[in-house]
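Take a look at the structure below.
In what follows, chains are A, B, ... by sequence order, proteins preceding strands, each numbered from 1.
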Amino acid sequence: EAGVAQSPRYKIIEKRQSVAFWCNPISGHATLYWYQQILGQGPKLLIQFQNNGVVDDSQLPKDRFSAERLKGVDSTLKIQPAKLEDSAVYLCASSPPGQGLYGYTFGSGTRLTVV
Amino acid sequence: GENVEQHPSTLSVQEGDSAVIKCTYSDSASNYFPWYKQELGKRPQLIIDIRSNVGEKKDQRIAVTLNKTAKHFSLHITETQPEDSAVYFCAATSWHATFGTGTRLQVTL
């Protein structure tokens, strides 16, 4: 089966600029997650979608981050404006429906550097 | 929310020795505990998992144990090989996975 697709792989932007990341999950995986992984740390959940609805966005900095999953398939995560501390790898993951009882398949991630 | 602690942060073992990584969690609603391996510059990959109704699970050289009463779970790798060198993350899951801080395992020859 095809894996989780993410693009771009790398992005370098200046602070205060905006950036968008794209994710296409595994076909049939109803649940999609965006995680932020800062160097040397574990992934931290930003937002969880079930189909096209938001399940949990409690840790999403909503003043600058936004995400959508139109039509319940692919998703975009946007940062506007970016700060230096947003430098991280942004990982998209998907899992079958089942309230978190399945392991995730992660995409390759987007490495964001804010200068 | 859930809080997952992971120890040790770094672990160096000789090839052929065993490695043990331990995690504790806080939310009694967590019922699924996966472990991920992340090689440098790559995505985390699921290597083994355990559900709350099971106390132990083994897959070749790796095993996981879970103590729900004490809220801790562990990863055991036996007969370590150089290709086991990576960062390992535990996670506790109810609606979503909360990850530990990671253990950098180095297997030396």
Side-chain angles (χ1 to χ4, degrees), chain A residues 1-7 9-10 21 23 25-26 29-50 53-60 67 88-113, chain B residues 1-10 21-25 27-54 57 59 62 64 66 73 75 86-105:
Chain A
E1 79 185 342
V4 176
Q6 282 191 251
S7 67
R9 286 297 311 275
Y10 307 93
F21 313 127
C23 172
I26 291 174
H29 279 195
T31 313
L32 184 149
Y33 312 82
W34 283 101
Y35 277 81
Q36 179 193 58
Q37 187 175 23
I38 293 172
L39 186 65
Q41 299 182 18
K44 178 186 123 181
L45 180 74
L46 292 175
I47 189 166
Q48 176 183 355
F49 291 96
Q50 179 80 13
V54 175
V55 174
D56 187 343
D57 64 356
S58 58
Q59 298 184 79
L60 187 73
V89 176
Y90 290 84
L91 292 162
C92 179
S94 69
S95 68
Q99 295 188 11
L101 290 179
Y102 298 92
Y104 298 170
T105 301
F106 282 94
S108 297
T110 296
R111 182 177 298 276
L112 174 67
T113 302
Chain B
E2 176 65 276
N3 182 48
V4 178
E5 295 189 358
Q6 183 172 347
H7 300 281
S9 56
T10 60
I21 301 169
K22 298 182 179 182
C23 291
T24 61
Y25 63 100
D27 188 351
S28 56
S30 290
N31 55 6
Y32 173 67
F33 305 89
W35 287 85
Y36 292 84
K37 175 183 180 182
Q38 187 173 32
E39 297 177 357
L40 189 62
K42 297 191 176 180
R43 74 192 79 184
Q45 294 202 300
L46 178 70
I47 56 171
I48 195 167
D49 56 12
I50 190 167
R51 290 185 168 78
S52 59
N53 57 347
V54 176
K57 182 178 178 180
D59 183 3
I62 58 174
V64 290
L66 170 66
F73 56 114
L75 175 71
V87 178
Y88 291 80
F89 292 98
C90 63
T93 307
S94 52
W95 286 96
H96 64 262
T98 299
F99 287 80
T101 49
T103 296
R104 182 173 301 279
L105 174 64

Residue, of B:Arg43, B:Gln6, B:Arg104, that accumulates the most heavy atom pairs under 4.5 Å with chain A = B:Arg43
Residue pair A:Gly103 / B:Leu46: nearest heavy atoms and the distance that separates them = CA-CD2, 3.9 Å
A:Phe106 versus B:Gln45: any side-chain heavy-atom pair under 4.5 Å?
-> no
Between the side chain of A:Gln48 and the main-chain N/O of B:Trp95, is any donor-acceptor distance below 3.5 Å?
-> yes
So do the side chains of A:Gln41 and B:Thr101 get within less than 4.5 Å of each other, counting heavy atoms only?
-> no
What part of B:Phe33 gets closer than 4.5 Å to chain A, counting heavy atoms only: side chain, backbone, both or neither?
-> neither
Is there side-chain contact between A:Gln37 and B:Phe89, with at least one heavy-atom pair below 4.5 Å?
-> yes
Distance from A:Leu46 atom CG to B:His96 atom NE2, nearest 0.5 Å?
-> 10.5 Å
Anything under 30° is parallel, anything over 60° is perpendicular, the rest tilted; go ahead and classify B:Phe99 against A:Tyr35.
-> perpendicular
Counting distance only, does the side-chain N/O of A:Tyr104 pair as donor-acceptor with the main-chain N or O of B:Ala97 below 3.5 Å?
-> yes
